[in-house]
Q: 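The structure that follows is given in the form of structure tokens.
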Amino acid sequence: MAAEEAPAEVPAEGDEVAENIEIVLPPPCMDLTEFPPKNDFFENMVAIDEKAEKIEGANNFRQVSGFPIFGSGQTTEEGFLKLLDKVKALHAEEGSEKLLWFNMRKEPIVYVNGNPFAPRNPEDLHRNLDISFSVEDLDNLEAHYTHILKAQAEKEQTLKTFRDQAFAENPMDREAVEDVLKVVSIKGLYEIYANLKENGFPNLTCFRIPVTEERSAGESCFDMMTEALKNEPASTPCIFTDQMGRGRTTGGMVAACLIKEIQITSELRKMEDIDLVSKSTVDDLIHQKFEGVLPKCQDDDDPFIKGEFDVIKELLEKVPATVEGKRKIDHIIDMCGPVPKGTGLQNLRECIIETKWKYDVATEDKQVAWKVLILNFIERYFYLICFATYALEHGPGGYQKAFTSWMDDHKELRTMIEEGKDKLEWYRTVDAAKLEHLKDLINAPNYKENLGVLIRTIYDFAFVTYADLPRGAIKNNSMRRLAATTLMEILPPDIAERVNKKMEEDPSNSHDFLSLVGLVSYYGSGEEH
């Protein structure tokens, strides 16, 4: 994997270019002329623990405990220097002058007035581009987009841009705001890299690992990271970034931690093999460094929190080596996740069921987007287990076989995840006997006298249905929504008609469970008031 560089035809900033010589780039892989730039920044994008150290211009900056592995959202132009200064200061004693920067984004990045922007499809402003081109094509596309924005700004002196109003995990909840900027400067990311190398960081090496937002890294992306790291000392600092510093950044950090851990443990085992260090000492060192017990959380024993989905259980059963791969990657995922176990933003295993909980309480239209995320997250976790299994097998020998080749040898795994990631209970299974009992209560002549029993029974019904959810707002909202839905479902037709009529007269009312109970009690008799 070659380091990311400016396209050959684009001179580094500062080089003299004759005014009458036009810079010629290869044709772009796609036309971005009509794609407006969208600001990478938005309100509430800082999601790191409030006690974490903050670096101005590098949102969500963090380091994995015990590793020279760092993550951040896309930095400002000034933020690049501040982040690099911080990393260099932290690792100065280790004598490593080299720094590796991994840009985990597919989409081109252009800096306008020192802030990062990326092109968005005018028909879909709420998602980053999902495009499939080579790294070379993407670098060239970035240079073309930089020229497009420079030409627009030169003509108008301003630039129409967009930004998200605030953070929203579900794309359907995002609100785009239009801004017109007076342009002071426009620079391509490749120009920023060149400036950094000329201003104090000559040993900075930059890579683009093209990963789609909220998706698994492709098999070739795992190979790119492996190639970049396998011959580097384990002490070489690595920085991973994407727009917010969340999913794609965390995925890169997880892979890098695994590669560095295998480097260190392999060296220790070699020392053991030549009797330089005893086996018990090596075992203790490895345990202390890489297998220490992490803080326990309330829901740790939940099978889904542990990643025990049907397709994952099938993987472990059919490829026994993945049991150790899962154990190893789970520990690293926890270290790269949020506090108290880690220092990061997202746990790449636990986010699957956490997103499923959000799906359960969402309206049908928003469930579509949540489901896409859930399936993507399961696929991402599946591939991380596969990569860990591959790395444990081939890492100690220097990765003589590529991960893509390993997957070719296990091509049935591609079919397994494609067909198995959807094996989830998308609809809650309710207790049919309890539902019939509720219908009997509501259909009784004296149902108003039994209203207290009816309410308690419906709450119990909702509680049992969502017994697997942890305590909190999601569980409470789920129970209230199911209680209201259940009450409306069991109403006799004549009562349901009167209640629905009253609800239609006051559409602004939330009509939660308790207000529905009031309507049933008030209008259920059929008396007009």
Side-chain angles (χ1 to χ4, degrees), residues 1 64-69 209 216-234 236 238 250-273 277 279 282-294 306-308 311-337 342 347-349 379-414 416-417:
M1 163 62 190
V64 182
S65 179
F67 287 87
I69 305 290
I209 311 295
S216 171
E219 294 171 19
S220 61
C221 290
F222 283 108
D223 281 335
M224 291 176 191
M225 286 186 280
T226 303
E227 282 297 313
L229 291 171
K230 68 180 184 181
N231 295 320
E232 289 291 336
T236 301
C238 301
T250 303
M253 296 170 77
V254 167
C257 286
L258 176 67
I259 293 169
K260 287 183 179 290
E261 176 179 335
I262 291 173
Q263 281 181 305
I264 295 171
T265 55
S266 298
E267 289 303 313
L268 288 171
R269 291 301 180 194
K270 288 176 183 177
M271 294 168 69
E272 174 193 328
D273 290 342
V277 183
K279 183 180 186 305
V282 170
D283 289 343
D284 287 344
L285 287 170
I286 291 174
H287 179 78
Q288 291 172 19
K289 175 72 174 173
F290 302 117
E291 299 174 353
V293 178
L294 300 175
K306 293 192 289 186
E308 295 175 2
V311 70
I312 301 300
K313 290 191 287 187
E314 182 184 1
L315 173 65
L316 304 185
E317 179 185 343
K318 293 186 176 178
V319 186
T322 59
V323 174
E324 177 60 16
K326 181 180 184 303
R327 187 193 70 81
K328 175 59 63 184
I329 208 68
D330 277 346
H331 189 81
I332 296 174
I333 285 174
D334 288 340
M335 291 179 64
C336 292
N347 185 297
L348 299 186
R349 180 188 67 256
E379 183 175 58
R380 180 172 64 185
Y381 181 50
F382 183 96
Y383 270 99
L384 284 171
I385 295 173
C386 291
F387 179 68
T389 306
Y390 152 80
L392 289 170
E393 179 182 350
H394 293 281
Y399 299 96
Q400 298 303 307
K401 179 189 284 285
F403 179 57
T404 47
S405 297
W406 187 89
M407 286 297 297
D408 287 340
D409 294 342
H410 301 81
K411 56 182 178 296
E412 71 279 1
L413 299 183
R414 295 171 180 143
M416 183 188 296
I417 182 58

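Only heavy atoms go into these numbers, but all of them, side chains included; no hydrogens, no water, no symmetry mates. Numbers for residues simply follow the sequence, beginning at 1.
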Q: Measuring from atom CG of Leu348 to atom CG of Leu384, what distance do you get when rounded to the nearest 0.5 angstrom?
A: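 Taking CG in Leu348 and CG in Leu384, the distance rounds to 6.0 Å.
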Q: Set out, in order, the CA-CA distance, both residues' side-chain angles and the distance that settles side-chain hydrogen bond (donor to acceptor under 3.5 Å, both in side chains) for Tyr381 and Asp330, then state yes or no.
A: CA-CA 9 Å; Tyr381 181 50; Asp330 277 346; 2.7 Å; yes
Q: How close do Ala234 and Ile264 get, counting heavy atoms only, and between which atoms?
A: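 So the two residues come closest at CB-CG1, 3.7 Å.
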Q: Considering the options Ile259, Ile332, Val64, which one meets the side chain to side chain contact (heavy atoms under 4.5 Å, CB included) requirement together with Val254?
A: Ile332
Q: Could you walk me through whether Asp408 and Arg414 pass salt bridge (charged side-chain N to carboxylate O under 4.0 Å, His left out), step by step?
A: CA-CA 9 Å; Asp408 287 340; Arg414 295 171 180 143; 2.8 Å; yes
Q: Compare every heavy atom of Ser220 with every heavy atom of Thr404, then report the nearest pair and how far apart it is.
A: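 Looks like CG2-N, 3.8 Å.
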Q: Do Cys238 and Lys260 have side-chain heavy atoms sitting under 4.5 Å apart?
A: yes
Q: With no hydrogens and no angle check, is any side-chain donor or acceptor of Thr322 less than 3.5 Å from a backbone partner on Leu315?
A: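 Yes, because the side chain of Thr322 sits within donor-acceptor range (under 3.5 Å) of the backbone of Leu315.
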Q: Under the salt bridge (Lys or Arg N to Asp or Glu O under 4.0 Å) definition, can you give me all pairs with a residue in residues 380-396, not counting sequence neighbours?
A: none
Q: Would a 4.5 Å heavy-atom cut-off, applied to side chains only, mark Phe382 and Leu413 as touching?
A: yes
Q: Can you tell me how far the CG atom of Leu258 sits from the CZ atom of Phe290, to the nearest 0.5 Å?
A: 10.5 Å
Q: State whether the side chain of Asp334 and the backbone N or O of Leu294 hold a donor-acceptor pair below 3.5 Å, judged by distance alone.
A: no
Q: Is a side-chain N or O of Tyr390 found less than 3.5 angstrom from the main chain of Lys401, in a donor-acceptor match?
A: yes
Q: Does some side-chain heavy atom of Lys318 sit less than 4.5 Å from a side-chain heavy atom of Glu412?
A: no
Q: Rounded to the nearest 0.5 Å, how far does SG of Cys257 lie from CD1 of Ile333?
A: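 Reported to 0.5 Å precision, the distance equals 11.0 Å.
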Q: At their closest point, which heavy atom of Ala256 faces which heavy atom of Ile69, and how far apart are they?
A: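 For Ala256 and Ile69, the tightest heavy-atom pair comes out as CB-CD1, 3.6 Å.
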Q: Minimum heavy-atom separation for Thr236 to Pro68, with atom names?
A: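 The pair with the smallest heavy-atom distance is O-CG, 3.9 Å.
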Q: Any idea how Phe403 and Trp406 line up, ring-wise: parallel (<30°), tilted (30 to 60°), or perpendicular (>60°)?
A: parallel
Q: How close do Gly325 and Ala388 get, counting heavy atoms only, and between which atoms?
A: O-CB, 3.5 Å
Q: If you measure from CG on Leu392 to CD1 on Ile329, what distance do you get to the nearest 0.5 Å?
A: 8.5 Å
Q: In plain terms, say whether Arg349 and Glu308 are close enough for a salt bridge, that is, a side-chain N and a carboxylate O under 4.0 Å apart.
A: no
Q: Does any non-hydrogen side-chain atom of Ile262 lie less than 4.5 Å from one of Tyr399?
A: yes
Q: Is the closest side-chain heavy-atom distance between Tyr383 and Met407 below 4.5 Å?
A: yes
Q: Is Glu291 close to Arg327 at the side-chain level, that is, under 4.5 Å between some pair of heavy atoms?
A: yes
Q: Looking at every heavy atom in both Ala391 and Pro396, which two are closest together, and how far apart are they?
A: O-CD, 3.6 Å
Q: Nearest 0.5 Å please: distance from the CD atom of Gln263 over to the CD atom of Glu261.
A: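 Separation between the atoms: 11.0 Å.
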Q: How many angstroms lie between atom NZ of Lys326 and atom SG of Cys386, to the nearest 0.5 angstrom?
A: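 Interatomic distance, Lys326 NZ to Cys386 SG, rounded to 0.5 Å: 12.5 Å.
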